[in-house]
Amino acid sequence: MTPLLDNYKALVEAVAYSSRESRQLLPQILVASKTQPPEVLETMLAQGHRLFGENQVQEAHYKWPPLKQRYPDCRLHLIGSLQTNKVKQAIQLFDVIETLDRPKLAYALARSFRNLNIRRDLLIQVNTGREPQKSGVMPEDFYSLLHLAYNLKLPIIGLMCIPPVNSDPIPHFTMLRSLARTHGLSHLSMGMSDDYRAAISHGTSWIRIGTALFGQK
Ligand SMILES: *Cc1c(COP(=O)(O)O)cnc(C)c1O
(Lines give C-alpha, C1' and ligand atoms only; values in the text may rest on other atoms or scores of the structure.)
Protein backbone atom coordinates (compact mmCIF):
# COMPACT_ATOMS: atom_id res chain seq x y z
CA MET A 1 0.00 0.00 0.00
CA THR A 2 1.08 3.55 -0.64
CA PRO A 3 1.46 5.90 2.34
CA LEU A 4 -1.66 7.71 1.09
CA LEU A 5 -3.80 4.60 1.33
CA ASP A 6 -2.25 3.74 4.69
CA ASN A 7 -3.13 7.22 5.93
CA TYR A 8 -6.63 6.89 4.52
CA LYS A 9 -7.24 3.58 6.24
CA ALA A 10 -5.92 4.94 9.55
CA LEU A 11 -8.13 8.01 9.21
CA VAL A 12 -11.26 5.99 8.50
CA GLU A 13 -10.56 3.96 11.63
CA ALA A 14 -9.81 7.01 13.78
CA VAL A 15 -12.99 8.73 12.64
CA ALA A 16 -15.09 5.67 13.42
CA TYR A 17 -13.43 5.42 16.83
CA SER A 18 -14.04 9.10 17.66
CA SER A 19 -17.67 8.96 16.69
CA ARG A 20 -18.25 5.82 18.78
CA GLU A 21 -16.41 7.30 21.76
CA SER A 22 -18.39 10.52 21.65
CA ARG A 23 -21.65 8.78 20.73
CA GLN A 24 -22.09 10.93 17.67
CA LEU A 25 -23.13 9.99 14.17
CA LEU A 26 -20.31 8.97 11.86
CA PRO A 27 -19.33 12.05 9.83
CA GLN A 28 -18.35 11.85 6.20
CA ILE A 29 -14.74 12.47 5.27
CA LEU A 30 -14.42 15.22 2.71
CA VAL A 31 -10.97 14.91 1.17
CA ALA A 32 -9.53 18.43 0.74
CA SER A 33 -7.78 17.80 -2.54
CA LYS A 34 -6.51 21.26 -3.48
CA THR A 35 -3.15 21.13 -5.28
CA GLN A 36 -3.30 17.34 -5.53
CA PRO A 37 -2.81 16.07 -9.10
CA PRO A 38 -5.39 13.91 -10.89
CA GLU A 39 -3.31 10.71 -10.36
CA VAL A 40 -3.64 11.11 -6.62
CA LEU A 41 -7.38 11.69 -6.85
CA GLU A 42 -7.64 8.68 -9.10
CA THR A 43 -5.93 6.55 -6.45
CA MET A 44 -8.55 7.56 -3.91
CA LEU A 45 -11.44 7.13 -6.32
CA ALA A 46 -10.21 3.65 -7.28
CA GLN A 47 -10.15 2.83 -3.58
CA GLY A 48 -13.83 3.76 -3.39
CA HIS A 49 -13.67 7.25 -1.90
CA ARG A 50 -16.25 9.58 -3.43
CA LEU A 51 -16.34 12.88 -1.54
CA PHE A 52 -13.90 15.70 -2.24
CA GLY A 53 -13.51 19.40 -1.58
CA GLU A 54 -11.72 21.96 -3.70
CA ASN A 55 -10.86 25.57 -2.87
CA GLN A 56 -10.68 27.08 -6.29
CA VAL A 57 -13.17 26.95 -9.12
CA GLN A 58 -10.44 27.28 -11.72
CA GLU A 59 -8.34 24.42 -10.41
CA ALA A 60 -11.40 22.18 -10.05
CA HIS A 61 -12.43 23.06 -13.59
CA TYR A 62 -9.14 21.66 -14.92
CA LYS A 63 -8.99 18.60 -12.70
CA TRP A 64 -12.48 17.26 -12.17
CA PRO A 65 -14.59 16.92 -15.32
CA PRO A 66 -12.65 13.89 -16.66
CA LEU A 67 -12.67 12.25 -13.23
CA LYS A 68 -16.37 12.91 -12.79
CA GLN A 69 -17.02 11.28 -16.10
CA ARG A 70 -15.29 8.10 -14.98
CA TYR A 71 -16.78 8.18 -11.48
CA PRO A 72 -20.22 9.74 -11.95
CA ASP A 73 -21.22 9.13 -8.33
CA CYS A 74 -18.38 11.20 -6.86
CA ARG A 75 -19.42 14.39 -5.09
CA LEU A 76 -17.56 17.66 -5.02
CA HIS A 77 -17.87 20.50 -2.47
CA LEU A 78 -16.53 24.00 -2.95
CA ILE A 79 -14.76 24.90 0.31
CA GLY A 80 -12.93 28.05 -0.79
CA SER A 81 -14.42 31.49 -1.23
CA LEU A 82 -16.45 32.12 -4.35
CA GLN A 83 -16.32 35.25 -6.51
CA THR A 84 -19.60 36.23 -8.11
CA ASN A 85 -18.12 36.08 -11.62
CA LYS A 86 -17.34 32.37 -11.08
CA VAL A 87 -20.79 31.37 -9.82
CA LYS A 88 -22.04 30.00 -13.11
CA GLN A 89 -19.00 27.78 -13.54
CA ALA A 90 -19.05 26.74 -9.88
CA ILE A 91 -22.60 25.47 -9.82
CA GLN A 92 -21.96 23.38 -12.90
CA LEU A 93 -18.94 21.74 -11.27
CA PHE A 94 -19.81 21.42 -7.61
CA ASP A 95 -22.58 19.50 -5.88
CA VAL A 96 -22.46 21.58 -2.72
CA ILE A 97 -21.20 25.13 -2.16
CA GLU A 98 -20.03 25.51 1.44
CA THR A 99 -19.01 29.14 1.31
CA LEU A 100 -22.04 31.40 0.95
CA ASP A 101 -21.02 34.40 3.04
CA ARG A 102 -22.50 37.62 1.67
CA PRO A 103 -25.67 39.05 0.15
CA LYS A 104 -24.10 39.74 -3.23
CA LEU A 105 -23.21 36.06 -3.58
CA ALA A 106 -26.69 34.98 -2.47
CA TYR A 107 -28.22 37.10 -5.25
CA ALA A 108 -25.74 35.75 -7.81
CA LEU A 109 -26.45 32.14 -6.82
CA ALA A 110 -30.20 32.67 -7.01
CA ARG A 111 -29.85 34.24 -10.45
CA SER A 112 -27.64 31.44 -11.81
CA PHE A 113 -29.86 28.70 -10.36
CA ARG A 114 -32.76 30.29 -12.22
CA ASN A 115 -30.90 30.87 -15.48
CA LEU A 116 -29.29 27.44 -15.66
CA ASN A 117 -32.22 25.65 -14.06
CA ILE A 118 -30.02 23.90 -11.49
CA ARG A 119 -30.04 23.95 -7.73
CA ARG A 120 -27.21 23.11 -5.39
CA ASP A 121 -27.27 22.60 -1.66
CA LEU A 122 -25.56 25.44 0.16
CA LEU A 123 -23.82 26.00 3.48
CA ILE A 124 -23.31 29.40 4.99
CA GLN A 125 -19.72 29.99 6.05
CA VAL A 126 -19.54 31.77 9.41
CA ASN A 127 -16.47 33.74 10.43
CA THR A 128 -16.70 32.45 14.00
CA GLY A 129 -13.33 34.00 14.91
CA ARG A 130 -14.36 37.42 13.52
CA GLU A 131 -11.06 37.59 11.63
CA PRO A 132 -11.07 40.60 9.27
CA GLN A 133 -8.94 38.95 6.57
CA LYS A 134 -11.00 35.79 6.47
CA SER A 135 -14.13 35.02 4.49
CA GLY A 136 -17.34 33.97 6.17
CA VAL A 137 -20.22 36.07 7.38
CA MET A 138 -19.69 37.83 10.73
CA PRO A 139 -21.80 36.17 13.44
CA GLU A 140 -23.85 39.35 13.95
CA ASP A 141 -24.76 39.43 10.25
CA PHE A 142 -25.62 35.75 10.07
CA TYR A 143 -29.33 36.02 10.66
CA SER A 144 -29.95 38.65 8.01
CA LEU A 145 -27.99 36.61 5.43
CA LEU A 146 -29.98 33.48 6.29
CA HIS A 147 -33.20 35.45 6.02
CA LEU A 148 -32.19 36.79 2.61
CA ALA A 149 -31.27 33.27 1.46
CA TYR A 150 -34.71 32.03 2.44
CA ASN A 151 -36.37 34.90 0.63
CA LEU A 152 -34.39 33.95 -2.46
CA LYS A 153 -35.46 30.30 -1.95
CA LEU A 154 -31.86 29.13 -1.69
CA PRO A 155 -31.49 25.60 -0.28
CA ILE A 156 -29.45 26.25 2.86
CA ILE A 157 -28.70 22.91 4.49
CA GLY A 158 -26.09 23.85 7.08
CA LEU A 159 -23.10 25.85 8.27
CA MET A 160 -19.35 25.77 7.80
CA CYS A 161 -16.46 27.38 9.71
CA ILE A 162 -12.67 27.55 9.70
CA PRO A 163 -11.50 28.43 13.23
CA PRO A 164 -8.49 30.78 13.62
CA VAL A 165 -5.13 28.99 13.51
CA ASN A 166 -3.35 28.37 16.81
CA SER A 167 -6.43 28.79 18.91
CA ASP A 168 -8.77 26.42 20.69
CA PRO A 169 -11.32 25.35 18.08
CA ILE A 170 -13.95 24.23 20.61
CA PRO A 171 -15.63 27.61 21.16
CA HIS A 172 -15.95 27.89 17.37
CA PHE A 173 -17.44 24.44 16.97
CA THR A 174 -19.83 25.18 19.82
CA MET A 175 -20.90 28.47 18.28
CA LEU A 176 -21.49 26.90 14.88
CA ARG A 177 -23.49 24.03 16.32
CA SER A 178 -25.62 26.32 18.40
CA LEU A 179 -26.33 28.67 15.44
CA ALA A 180 -27.35 25.66 13.35
CA ARG A 181 -29.61 24.28 16.06
CA THR A 182 -31.26 27.62 16.68
CA HIS A 183 -32.17 27.90 13.03
CA GLY A 184 -33.07 24.27 12.39
CA LEU A 185 -30.13 23.57 10.06
CA SER A 186 -29.01 19.98 10.15
CA HIS A 187 -25.53 19.88 8.61
CA LEU A 188 -22.18 21.12 9.88
CA SER A 189 -18.86 21.23 8.06
CA MET A 190 -16.10 21.69 10.64
CA GLY A 191 -12.90 19.98 11.70
CA MET A 192 -9.68 19.56 9.73
CA SER A 193 -6.59 17.37 10.21
CA ASP A 194 -5.64 18.89 13.57
CA ASP A 195 -9.03 19.13 15.18
CA TYR A 196 -11.40 16.67 13.56
CA ARG A 197 -11.83 14.65 16.75
CA ALA A 198 -13.19 17.69 18.57
CA ALA A 199 -15.45 18.49 15.62
CA ILE A 200 -16.80 14.93 15.66
CA SER A 201 -17.59 15.19 19.36
CA HIS A 202 -19.52 18.36 18.51
CA GLY A 203 -21.65 16.55 16.01
CA THR A 204 -20.21 17.55 12.65
CA SER A 205 -21.56 16.01 9.44
CA TRP A 206 -18.42 16.53 7.38
CA ILE A 207 -14.76 16.78 8.33
CA ARG A 208 -12.45 18.33 5.72
CA ILE A 209 -9.11 16.54 5.64
CA GLY A 210 -5.94 17.30 3.66
CA THR A 211 -2.69 17.09 5.62
CA ALA A 212 -3.54 13.91 7.54
CA LEU A 213 -3.79 12.13 4.20
CA PHE A 214 -1.29 13.86 1.96
CA GLY A 215 1.28 15.06 4.50
CA GLN A 216 2.57 18.59 5.09
CA LYS A 217 3.07 20.68 1.98
C1 LIG B 1 -7.10 22.74 2.86
C2 LIG B 1 -8.37 22.87 3.62
C3 LIG B 1 -8.74 21.93 4.58
C4 LIG B 1 -7.86 20.78 4.99
O5 LIG B 1 -7.02 21.20 6.02
P6 LIG B 1 -5.92 20.21 6.63
O7 LIG B 1 -5.51 20.88 7.89
O8 LIG B 1 -4.83 20.09 5.63
O9 LIG B 1 -6.60 18.91 6.88
C10 LIG B 1 -9.98 22.09 5.20
N11 LIG B 1 -10.79 23.12 4.91
C12 LIG B 1 -10.47 24.05 4.00
C13 LIG B 1 -11.41 25.15 3.72
C14 LIG B 1 -9.24 23.95 3.33
O15 LIG B 1 -8.91 24.89 2.45
Side-chain angles (χ1 to χ4, degrees), residues 3-19 27-38 40-41 43-44 49-64 75-83 86 90 93-102 105 120-137 157-170 172-173 175-177 180 187-217:
L4 171 59
L5 293 181
D6 279 340
N7 292 345
Y8 181 68
K9 190 159 166 267
L11 178 69
V12 168
E13 278 168 16
V15 168
Y17 179 81
S18 287
S19 77
Q28 284 191 289
I29 298 169
L30 188 130
V31 170
S33 50
K34 56 169 175 275
T35 75
Q36 298 300 326
V40 169
L41 306 177
T43 303
M44 304 212 67
H49 191 81
R50 289 293 181 270
L51 182 63
F52 296 83
E54 289 282 345
N55 289 59
Q56 292 198 2
V57 178
Q58 209 56 27
E59 183 185 338
H61 176 70
Y62 291 120
K63 286 194 320 200
W64 278 97
R75 311 236 328 142
L76 206 51
H77 288 208
L78 178 65
I79 58 176
S81 60
L82 177 56
Q83 294 168 278
K86 299 252 171 69
L93 262 174
F94 291 95
D95 301 287
V96 176
I97 310 276
E98 296 201 7
T99 51
L100 170 57
D101 65 353
R102 57 198 192 281
L105 183 56
R120 296 290 181 239
D121 287 339
L122 305 173
L123 274 66
I124 292 180
Q125 181 183 355
V126 184
N127 190 345
T128 54
R130 313 188 79 271
E131 295 173 280
Q133 80 285 6
K134 221 179 220 168
S135 47
V137 64
I157 62 163
L159 304 179
M160 181 268 218
C161 76
I162 307 171
V165 286
N166 304 323
S167 73
D168 179 6
I170 298 217
H172 303 275
F173 296 160
M175 181 197 292
L176 202 70
R177 178 178 62 183
H187 291 90
L188 294 170
S189 171
M190 56 188 200
M192 313 197 293
S193 293
D194 287 338
D195 55 16
Y196 69 85
R197 291 177 186 82
I200 291 172
S201 74
H202 287 73
T204 194
S205 332
W206 292 294
I207 54 171
R208 308 180 309 263
I209 306 293
T211 310
L213 292 170
F214 304 118
Q216 290 290 352
K217 297 235 166 57

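One-based numbering, in listed order, for ligands and for the atoms of each. Computation of the quantities below employed the complete heavy-atom set of this structure, encompassing side-chain atoms and omitting hydrogens, waters and symmetry-equivalent molecules. Numbers here simply count residues along the sequence, with the first being 1.
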Just so I know, are the side chains of [X] and [Y] near enough to count as touching, which here means a heavy-atom distance under 4.5 Å?
X	Y	value
Glu59	Glu54	yes
Glu98	Arg208	yes
Phe214	Thr35	no

Item to complete: Have a look at Lys34, Arg208, Gln125 and point out the one with the heavy atom closest to atom 2 (C) of ligand 1.
Response: Lys34
Response to the item:
Numbered in order shown, the ligand 1 atoms found under 4.0 Å of a heavy atom of Ile162 are 13 (C)
Worksheet item: Taking only heavy atoms of Met192, which atoms of ligand 1 are found under 4.0 Å from at least one of them?
Response: 3 (C), 5 (O), 7 (O), 9 (O), 10 (C), 11 (N)
Worksheet item: So is Ile209 in contact with ligand 1, going by heavy-atom distances below 4.0 Å?
Response: yes
Under a 4.0 Å heavy-atom limit, does [X] contact ligand 1 with its side chain, its backbone, both, or neither?
X	value
Ala32	side chain
Asp194	neither
Thr211	both

Item to complete: Assess whether atom CG of Asp194 is packed by more than 12 heavy atoms of other residues, nucleotides or ligands within 6.0 Å.
Response: no
Worksheet item: Taking the side chain from Ser18 and the backbone from Arg197, do they hold a donor-acceptor pair closer than 3.5 Å?
Response: no
Fill in: Residues Ser205 and His187: side-chain donor-acceptor under 3.5 angstrom
no
